[in-house]
J.: 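My structure is below; once you've seen it, I'll send some questions.
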2 protein chains.
Amino acid sequence: MILRKLDKKPEEAREGELGLSECLLDRTGFLLKKAALRIQEAYEGRLDPLGMAAKHYGVLSVLEEKGSITQHEIGRCIYVDRTTMVGILDDLEKKGLVERKEHPTDRRSHAVYLTSKGKEAVGKAHHLASTVEKRFLECLSAREQKELRQILRKLVVSHYSSTKASERGEG
Amino acid sequence: MILRKLDKKPEEAREGELGLSECLLDRTGFLLKKAALRIQEAYEGRLDPLGMAAKHYGVLSVLEEKGSITQHEIGRCIYVDRTTMVGILDDLEKKGLVERKEHPTDRRSHAVYLTSKGKEAVGKAHHLASTVEKRFLECLSAREQKELRQILRKLVVSHYSSTKASERGEG
DNA sequence: AAGTGATAATCAGTAATACTGATTATCAGT
DNA sequence: ACTGATAATCAGTATTACTGATTATCACTT
């Protein structure tokens, strides 16, 4: 292929094809990374009305599902580093959506709880997240959407053990 | 669920289930992000012997496929920002894998070429990348692997237009 | 009861990434 | 010559995920 900058507008030069790289569109690594960026972009700002970002939503979801658990356990559930958890919980506590309480049996740990405000927020967040994902995935058939989730889930769970060992209490 | 820190080792407490969040394992956003991180991790260091990282591999692939194109065009092919391209090409030029030459008709642009060393490197990189992905995907059936690529490709191409307009020459 | 090694939360600092905005040189069209 | 757009570059920002160290506490040994 020869340089052909000045003869045509780029958009017209490659109609359907868009000029993307064929080779990389067959690399799962490339595709995963770009798809992840795009959906992150789709989420961006959508949770702002609730005073949270995607990272906060993940924590609230886990707390809703599991009840009161420690910071370390939340991290394990959502593959988030212990040091990153501190900041996320600081945010959420400041917003009044969670509380760090004394752990009943282990004074090193914090027992993290959803406040009633937090419970309300996570309900709304579920709704917003569903809307965002629905729109993002609408270029796929219902079957493809389901298949994508199943396959990704398999991948993520299989590679669970590749998370840094120190973060899973196996040091 | 009640706090139950001290009665069991975490590993034994939840055998198959691993304590992951059911709710988030149904969120495509969460799954895409974590899967992308894991495969990135799988790539990490594997291209070092060739003196490059994944981001360099992407650029070399495009150049191999499209021949000499401008920096901006490379970026469009692989969804990389113009400012990020500068650094990546600096690296590659330093390693002697690409050359920035004068563009034959547009003196603002650079015509970027693979050197013979670069051509050799990208061939080896293809091989390494295939190995990395094969291992990463081996928890999936051949059908699932193919399906995953097709679905992700559909997603990425559909959301091509959500790339920052300024990066696609539509400002 | 004291001692040892592991663990939970925290903090400070690092490295990588993707970006914004400004600058310079050049181009295309008036 | 003048205007607005574009290509490459640079400086600086925000975010993310992490490393390593610290403090308090726990579980277990002796």
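Values in this document were obtained by computation on a predicted structure and should not be read as measured data.
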J.: Whole angstrom is fine here: how far is it from CD in B/Glu44 over to P in D/dA17?
T.: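 Value for this atom pair: 13 Å.
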J.: From D/dA8, C/dA9, D/dC26, pick the nucleotide closest to the side chain of A/His110?
T.: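 Out of D/dA8, C/dA9, D/dC26, the nucleotide with an atom closest to A/His110's side chain is C/dA9.
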J.: Whole angstroms only, please: what is the CZ-C1' distance between A/Arg107 and C/dA6?
T.: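 Taking CZ of A/Arg107 and C1' of C/dA6, I get 18 Å after rounding.
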J.: Which nucleotide in the list C/dA18, D/dA17, D/dA7 gets nearest to the side chain of B/Ser109?
T.: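 Selected nucleotide: D/dA7.
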J.: Less than 4.0 angstrom from a charged side-chain N to a carboxylate O is my criterion; do A/Arg149 and A/Glu144 meet it?
T.: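 So A/Arg149 does not pair with A/Glu144 through a salt bridge.
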J.: In whole Å, what is the span from the CD atom of A/Glu41 to the P atom of C/dC19?
T.: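 Between P of C/dC19 and CD of A/Glu41: 7 Å.
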J.: Starting from C1' on C/dT10, measure out to CD on A/Glu93 and report it in whole angstrom.
T.: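 To the nearest whole Å, that distance equals 13 Å.
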J.: Which class fits the ring pair B/His159 and A/Phe136: parallel under 30°, tilted 30 to 60°, perpendicular over 60°?
T.: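 B/His159 vs A/Phe136 ring planes: parallel.
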J.: Nearest to the side chain of B/Asp106, heavy atoms from C-beta on, is which of C/dT26, C/dC19, D/dA21?
T.: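 Selected nucleotide: C/dT26.
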J.: Can A/Lys134 and A/Glu138 be counted as an ion pair, charged N to O under 4.0 angstrom?
T.: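 No, no charged N to carboxylate O under 4.0 Å.
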J.: How many whole angstroms separate atom NZ of A/Lys55 from atom P of D/dC18?
T.: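 Interatomic distance, NZ of A/Lys55 to P of D/dC18: 14 Å.
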J.: Please pick, from C/dC11, C/dT20, C/dA8, the nucleotide with the shortest atom-to-atom distance to any side-chain atom of A/Arg108.
T.: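 My answer, after comparing the listed nucleotides, is C/dA8.
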J.: Indicate whether OP1 or OP2 belonging to C/dT7 is found under 4.0 Å from a side-chain N or O atom of A/Arg76.
T.: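 False: A/Arg76 side-chain N/O out of range (4.0 Å or more) of C/dT7 OP1/OP2.
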J.: I want to verify a distance call: between D/dT19, D/dT9, D/dA8, whose nearest atom is closest to the B/Arg100 side chain?
T.: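 That would be D/dT9.
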J.: Do A/Arg153 and B/Glu22 sit within salt-bridge range, that is, some charged N less than 4.0 Å from a carboxylate O?
T.: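 Result for this pair is yes, salt bridge flagged.
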J.: Using whole Å, what does the distance between atom C1' of nucleotide D/dT16 and atom CG of B/Leu37 come to?
T.: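 It is 9 Å, rounded to the nearest whole Å.
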J.: Provide, to the nearest angstrom, the distance between the NE2 atom belonging to B/His72 and the C1' atom belonging to D/dA8.
T.: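 The answer, rounded to whole Å, is 11 Å.
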J.: So which one's nearest nucleotide on DNA chain C is more toward 5', A/Met85 or A/Lys34?
T.: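 Here A/Met85 is the residue nearer the 5' end.
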J.: Choose from D/dC18, D/dT9, C/dA9 the nucleotide whose nearest atom is closest to any side-chain atom of A/Val86.
T.: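 When the side chain of A/Val86 is considered, C/dA9 is the closest of D/dC18, D/dT9, C/dA9.
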J.: Find which nucleotide of DNA chain C each of B/Gln40 and A/Gln71 is nearest to by heavy atoms, and output the residue with the more 5' nucleotide.
T.: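 Nearest nucleotide further toward 5': that of A/Gln71.
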J.: Consider the side chain of B/Lys33, meaning its heavy atoms from C-beta on, and name the nucleotide among D/dT16, D/dC26, C/dT10 that approaches it most closely.
T.: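 Of the options given, the side chain of B/Lys33 lies nearest D/dT16.
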J.: Quickly work out the A/Asp90 CG to C/dA12 P distance and round it to whole Å.
T.: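 So the CG-P distance, A/Asp90 to C/dA12, works out to 12 Å.
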J.: Any side-chain donor-acceptor pair under 3.5 Å between A/His110 and A/Glu102?
T.: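 There is no such pair (donor and acceptor under 3.5 Å, judged by atom type) between the side chains of A/His110 and A/Glu102.
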